[in-house]
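Both backbone and side-chain heavy atoms feed into the values below; hydrogens, waters and symmetry mates do not.
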Amino acid sequence: MLAALALLALVAGAQDPEPETDVERYLRVARTGSPVVRPQAAQRLVRLGAPAAERIFAECGDSPAEMARLGMDVIEVLGEFEHAELRAKLWQALDDRDFPWRPSAARTLAKTAVAAEADRIRALAGDNLAAVRSAAVDGFARLGDPERRDVVEGLLDDPHDRVRRSAALLLDRWGDPCALYYVVEDLRRDDRFFESETGKSARYEAILALEKRLGDRHGYAPEKPPAENRAAIDAIAKRVGELCEEAPALPAIARAGGATEGDVLGLEIRSCRRGEFFLRWTADDKLRVGQGNPATVDLPEGTVAALLAAALGAGSELDETFWGAPGCDSEVFYVRPDPAQRSTIYRVSKGPDAVEGLRPDALGRVAAALLASLPETRDDPRLRDLRARVGQALVAVGGELP
């Protein structure tokens, strides 16, 4: 309600030399208004139908780079227009790995997918962005295409927990209730990524899905740790067992993780083009990759002590802890030499466009050292080409490393 009122105030308060049409007005607000009202304005454009579609199509230009100027919130609704040329532009943008709003493009195309696009939706399941892979599951759900079950089953060991849950819930809808065990397992999660309670977030999402499916949460309280929910988890698992003849053996990546000890350095990267990475270095020279139940790599003795010394030295050169502006690209450095203390957090953030000199030189040296400590590749999908993929993400967010 407040967002709608804010939108109306913005629209009514516009004082231009020439009166704007409704299409121009809502397009302007959807691109430049506050984050609260942009989605509202974008939905108003959809309700305006063909005139809005034609106006937006004219703004798309000749390339995905020009189309990106429409902004995330406008891209998020484009699939809802019945406009073949605009839809073709949207697919072209999604196919361009440098288009910054690919998750939004994938979501709106999946939400409105048609049978002729089934192969294109299938290709999204192998994307480097978790949000795009999740959209592929939504696309399969809309198409009602159990023949592509193998692709959805392949996402049960996806690195991202939301993709795994979406895949499991769709398989259940397609007649495989045994997939619900993947969601039940999330009820047991108690992991953290430094100050972020990742396990708790997963528990909330899992119990909402299971309650909707089973009609009862059996007293499960997601705000409480799994140890205090044992009876409820057992009851929910028993209910799923009544639907499934034989519980599946879950892959390691899908099994519940608990709190870890000794994490002294962390790097969290979220790139709108290169994906997400969650890396931790421990006092006993281990590298942990991912959230939940992370992959673990043994590092040479003394590696982390040297990295920690470099990070502390860089911190002494920095007078700030945040550089840039909130946006879809971010690097977050966590430094916690004393496990009993909270982390010192350094954040670099920006929108989709490159920003010259965004990352301070001191942090750049730390990033380069952390990158050099990563294995080049391993068989585990989370570790395959890890150094190369993290390096690309660092460059995409903060620029070239020293």
Side-chain angles (χ1 to χ4, degrees), residues 125 130-131 133-138 140-141 144-146 148-193 196-261 276 278 288-296 380-382:
R133 300 194 299 276
S134 184
V137 178
D138 294 338
F140 289 138
D145 190 5
R148 302 181 189 273
R149 179 185 300 273
D150 61 322
V151 183
V152 182
E153 288 175 343
L155 294 174
L156 289 175
D157 62 357
D158 192 272
H160 201 290
D161 60 347
R162 289 198 182 105
V163 179
R164 296 195 300 271
R165 280 194 296 276
S166 295
L169 293 168
L170 179 56
L171 289 168
D172 172 55
R173 285 175 53 186
W174 283 352
D176 181 11
C178 295
L180 290 174
Y181 276 106
Y182 283 80
V183 189
V184 173
E185 185 70 7
D186 280 341
L187 300 179
R188 301 184 174 98
R189 284 181 54 179
D190 198 24
D191 49 281
R192 302 174 66 94
F193 186 86
S196 298
E197 296 189 81
T198 50
K200 180 185 285 189
S201 297
R203 298 198 302 267
Y204 271 96
E205 294 185 20
I207 193 56
L208 287 175
L210 288 167
E211 183 178 27
K212 181 178 180 181
R213 171 64 172 86
L214 303 175
D216 191 346
R217 63 171 58 192
H218 295 278
Y220 185 88
E223 69 277 10
K224 297 180 180 179
E228 297 180 31
N229 276 298
R230 286 196 183 112
I233 295 172
D234 289 345
I236 293 170
K238 181 180 179 181
R239 180 71 183 94
V240 171
E242 294 170 356
L243 304 173
C244 168
E245 292 184 2
E246 185 177 354
L250 303 187
I253 196 170
R255 292 200 290 270
T260 56
E261 302 294 334
E276 300 176 344
F278 301 90
R288 294 187 175 118
V289 181
Q291 297 179 323
N293 189 18
T296 302
D380 187 311
R382 292 168 290 183

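When side chains are defined from C-beta on, His218 does not count as touching Lys238, because their heavy atoms never get closer than 4.5 Å. Contact of the Lys212 side chain with the Leu169 side chain is not registered, since no non-hydrogen atoms from C-beta on lie closer than 4.5 Å.
Using a distance-only test at 3.5 Å, with no hydrogens or angles considered, a donor-acceptor pair links the side chain of Arg149 to the main chain of Trp174. Judged by distance alone, with hydrogens and angles left aside, the side-chain atoms of Arg188 form no donor-acceptor pair with the main-chain N or O of Pro226 at under 3.5 Å. Put simply, the side chain of Asp157 never gets that close to the backbone of Ile253: no donor and acceptor are under 3.5 Å apart. Looking only at distances, no side-chain donor or acceptor of Ser134 sits under 3.5 Å from a matching main-chain atom of Ala130. For the pair Asp190 (side chain) and Ala259 (backbone), a donor-acceptor distance under 3.5 Å is absent. Within the 3.5 Å criterion, the main-chain N or O of Ala252 finds a donor-acceptor partner in the side chain of Asn293. In this structure, the side chain of Tyr182 does not engage the main chain of Ala167 through any donor-acceptor pair within 3.5 Å.
Between Arg239 and Asp216, none of the side-chain N atoms (NZ, or NE/NH1/NH2) sits under 4.0 Å from a carboxylate O, so this pair counts as no salt bridge.
Residue Val137 is tested with Asp158, Val151, Leu171, Leu155 for a side-chain contact (heavy atoms from CB on, under 4.5 Å); the sole match is Leu155.
Between Arg189 and Ala202, the shortest heavy-atom contact is NH1-CB, 3.4 Å.
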